[in-house]
Amino acid sequence: MKYRAMRGTRDILPGETRKWQFAEGVFAGVAKRYGCREIRFPIFEATDLFERGIGEMTDIVKKEMYTFHDRKGRSLTLRPEGTASVVRAYLEHSLARRAGVVKLFYMGPMFRYDRPGQGRYRQFHQVGIEFIGSPDPQADVETLEILVGFLKGLGLRNLETRINSLGCPVCRPGYQQSLRDALAGITSSLCEDCIERVERNPLRVLDCKQEKCRLQFGKLPVMLDHLCGECDDHMKRVEEMLGGIRLPYRVDPLLVRGLDYYTRTTYEVHHAGLGSQSALGGGGRYDGLIEQMGGPPTPAVGFSAGLERALLSLDEEGASPDVAENPDVFIAPADETGEREIPGLTHRLRQRFAVERDYRRRNLKSQFKSAADHGARFVIILGEQEVAEGSVAVKDMESGEQAKVPLSAIEEWLEANLASL
RNA sequence: GUGGGCGUAGCUCAGCGGUAGAGCUCUGGACUGUGGCUCCAGCUGUCGCGGGUUCAACUCCCGUCGUCCACCCCA
């Protein structure tokens with residue numbers, strides 16, 4: 001075989017696409033019940049948009065972007081996430097409403113030049129939500145509700161929600177300094193990556209998964225203890241509301257998300273069945289981003305979730321929905337006379353039913369086998385005898401019973417018998 | 001990006017210096033107008049790709065690509 005799908009990309013084959021349609025349908029359904037409207041934006045944007053929007057020192061921008069030059073020499077990048085593009089579109093088309101929030105959802109492929117592994121692809125698919133324009137903690141909670149509602153709607157059970165607060169420009173600098181001070185004392189016992197992080201972005205040290213680093217974290221100051229009055233109040237209200245809607249969660253002071261633009265509330269939802277790639281989705285508040293991207297100061301909150309991992313988790317739990325797409329009827333000619341009637345009858349029945357047939361003029365036995373493989377509910381047998389008396393024989397593949405039905409009444413017969421399921 | 005495992009039929013895999021195999025699937029038949037069970041017969045391969053060692057390589061060596069696992073990071 002000469003051609004193969006590129007590393008980190010894959011085909012979603014017909015046997016799988018129904019699951020994807022199901023997942024996207026569940027997401028769109030939940031999002032719409034929360035008043036979100038769909039937005040679709042380009043697959044590629046100016047490289048600069050992502051560099052500014054995501055953050056120069058994030059891993060995504062530093063080493064994971066699919067960047068290329070077009071014929072005019074412009075630097076373009078395949079979108080590695082959705083938020084930057086949504087904000088760009090929001091500003092470009094002045095979507096802001098005088099009062100209230102703009103609530104958007106999106107779904108589609110994203111691209112990151114990562115090393116592929118289970119649940120991680122270079123072209124992967126995300127669904128996401130952005131609430132733009134509200135500083136209210138209720139917005140934070142509603143987005144999290146959508147995320148959890150989506151995953152539960154898929155049928156997932158072993159979910160764990162973690163939340164944290166990253167503070168704001170008022171309280172974070174002070175905390176970062178005290179964190180840096182505390183880290184200075186233990187630098188020698190940290191991993192190489194963390195030593196570098198101490199200077200650049202001390203918060204990210206907390207995100208380290210190395211055992212030797214994690215052991216030290218108990219003694220470090222946490223953001224939650226250094227929140228300013230407003231941030232502290234914000235966090236408390238988020239927790240109150242989560243309690244009010246009985247959404248179980250765990251406060252994780254070490255939860256620091258990878259993107260630079262987050263402020264205050266941050267959250268992730270994990271699945272117990274997945275190994276190292278257990279994060280199904282995550283998000284949080286990004287009150288500074290829109291201003292940073294050239295817009296007016298505008299609070300916002302949102303999340304994104306990975307479809308590959310959600311579907312992987314479903315398989316893990318054995319909870320994948322039954323999404324068979326079986327034909328209602330299989331039409332089998334018994335002889336040459338029947339063969340001649342096939343095009344007309346299938347065309348007629350296909351105006352109302354899913355009809356399958358064989359294209360190889362095989363014997364009846366083989367056609368029945370084929371009908372069973374397709375999972376057809378009924379088989380219509382048509383031969384010289386039936387044509388002569390203007391009827392067809394219809395066999396119910398489940399009960400094995402067979403009936404003779406007038407050709408003129410076949411639609412009504414099928415309608416009645418399919419409905420009786 | 002780092003370390004390790006694995007690439008043999010459509011699928012799951014065995015083989016291991018000397019003529020490429022099994023099960024499932026598929027096709028046909030037993031059952032000449034009726035599926036699922038059973039039995040019989042048959043089809044299918046550049047042994048991932050490229051070099052090297054050898055009289056001889058699916059087998060050993062090197063490289064490469066792909067894939068999986070762990071780490072990094074994330075979705």
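Quantities reported herein were computed from a predicted structural model and do not represent experimental measurements.
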Check every strand shown and say whether [X] touches a base, only sugar-phosphate, or nothing at a heavy-atom separation below 4.0 Å.
X: A:Glu386; answer: base
X: A:Gln385; answer: base
X: A:Gly383; answer: nothing
X: A:Gly338; answer: nothing
X: A:Gly128; answer: nothing

Can a side chain N or O of [X] be found less than 4.0 Å away from OP1 or OP2 on [N]?
X: A:Asn363; N: B:rG29; answer: yes
X: A:Arg362; N: B:rG28; answer: yes
X: A:Lys365; N: B:rG35; answer: yes
X: A:Ser366; N: B:rG28; answer: yes

Whole-Å distance separating the [atom1] atom of [X] from the [atom2] atom of [N]:
X: A:Glu81; N: B:rA75; atom1: CD; atom2: P; answer: 9 Å
X: A:Phe50; N: B:rC74; atom1: CZ; atom2: C1'; answer: 16 Å
X: A:Glu64; N: B:rC74; atom1: CD; atom2: P; answer: 8 Å
X: A:Leu364; N: B:rG28; atom1: CG; atom2: P; answer: 13 Å
X: A:Lys369; N: B:rG29; atom1: NZ; atom2: C1'; answer: 11 Å
X: A:Glu341; N: B:rG33; atom1: CD; atom2: P; answer: 19 Å
X: A:Arg357; N: B:rG35; atom1: CZ; atom2: C1'; answer: 19 Å
X: A:Phe368; N: B:rG28; atom1: CZ; atom2: P; answer: 15 Å

Look through every strand shown and name the nucleotide pairing with [N] as Watson-Crick or G-U wobble, where both distances are under 3.5 Å.
N: B:rC43; result: none
N: B:rG1; result: B:rC71
N: B:rU12; result: B:rA22
N: B:rC31; result: none
N: B:rU54; result: none
N: B:rG17; result: none
N: B:rG36; result: none

Which whole number of Å gives the distance between the [atom1] atom of [N] and that of [M]?
N: B:rG51; M: B:rC11; atom1: C1'; value: 32 Å
N: B:rC26; M: B:rG3; atom1: P; value: 45 Å
N: B:rG63; M: B:rU2; atom1: P; value: 14 Å
N: B:rC65; M: B:rA20; atom1: C1'; value: 24 Å
N: B:rG21; M: B:rG35; atom1: P; value: 34 Å
N: B:rA57; M: B:rU8; atom1: C1'; value: 14 Å
N: B:rU25; M: B:rC40; atom1: P; value: 14 Å
N: B:rC60; M: B:rG23; atom1: P; value: 26 Å

With a 3.5 Å cut-off and just heavy-atom distances, do the side chain of [X] and the base of [N] make a donor-acceptor pair?
X: A:Gln402; N: B:rG33; answer: no
X: A:Arg115; N: B:rC71; answer: no
X: A:Arg7; N: B:rC65; answer: no

- Item | Test of ring centre spacing under 6.0 Å for A:Phe330 and A:Phe378 | no
- Residues, nucleotides or ligands: over 12 heavy atoms within 6.0 Å of A:Arg350 CZ: yes
- Task: Nearest-nucleotide wise, let me know which of A:Phe124 and A:Met6 is further upstream toward the 5' end of RNA chain B.
- Result: A:Met6
- Query: Taking for each residue the nucleotide of RNA chain B bearing the nearest heavy atom, is the 5' side occupied by A:Ala393 or by A:Ala305?
  - Reply: A:Ala393
Charged N-O contact under 4.0 Å between [X] and [Y]:
X: A:Arg79; Y: A:Glu45; result: no
X: A:Arg250; Y: A:Glu268; result: no
X: A:Glu389; Y: A:Lys404; result: yes
X: A:Asp114; Y: A:Arg122; result: no

- Item | Geometric cation-pi criterion, A:Arg40 with A:Tyr106: 6.0 Å, 45° | no
- Message: So, taking the atom named CD in A:Glu145 and the one named CE in A:Met241, what distance separates them when rounded to the nearest 0.5 Å?
- Response: 9.5 Å
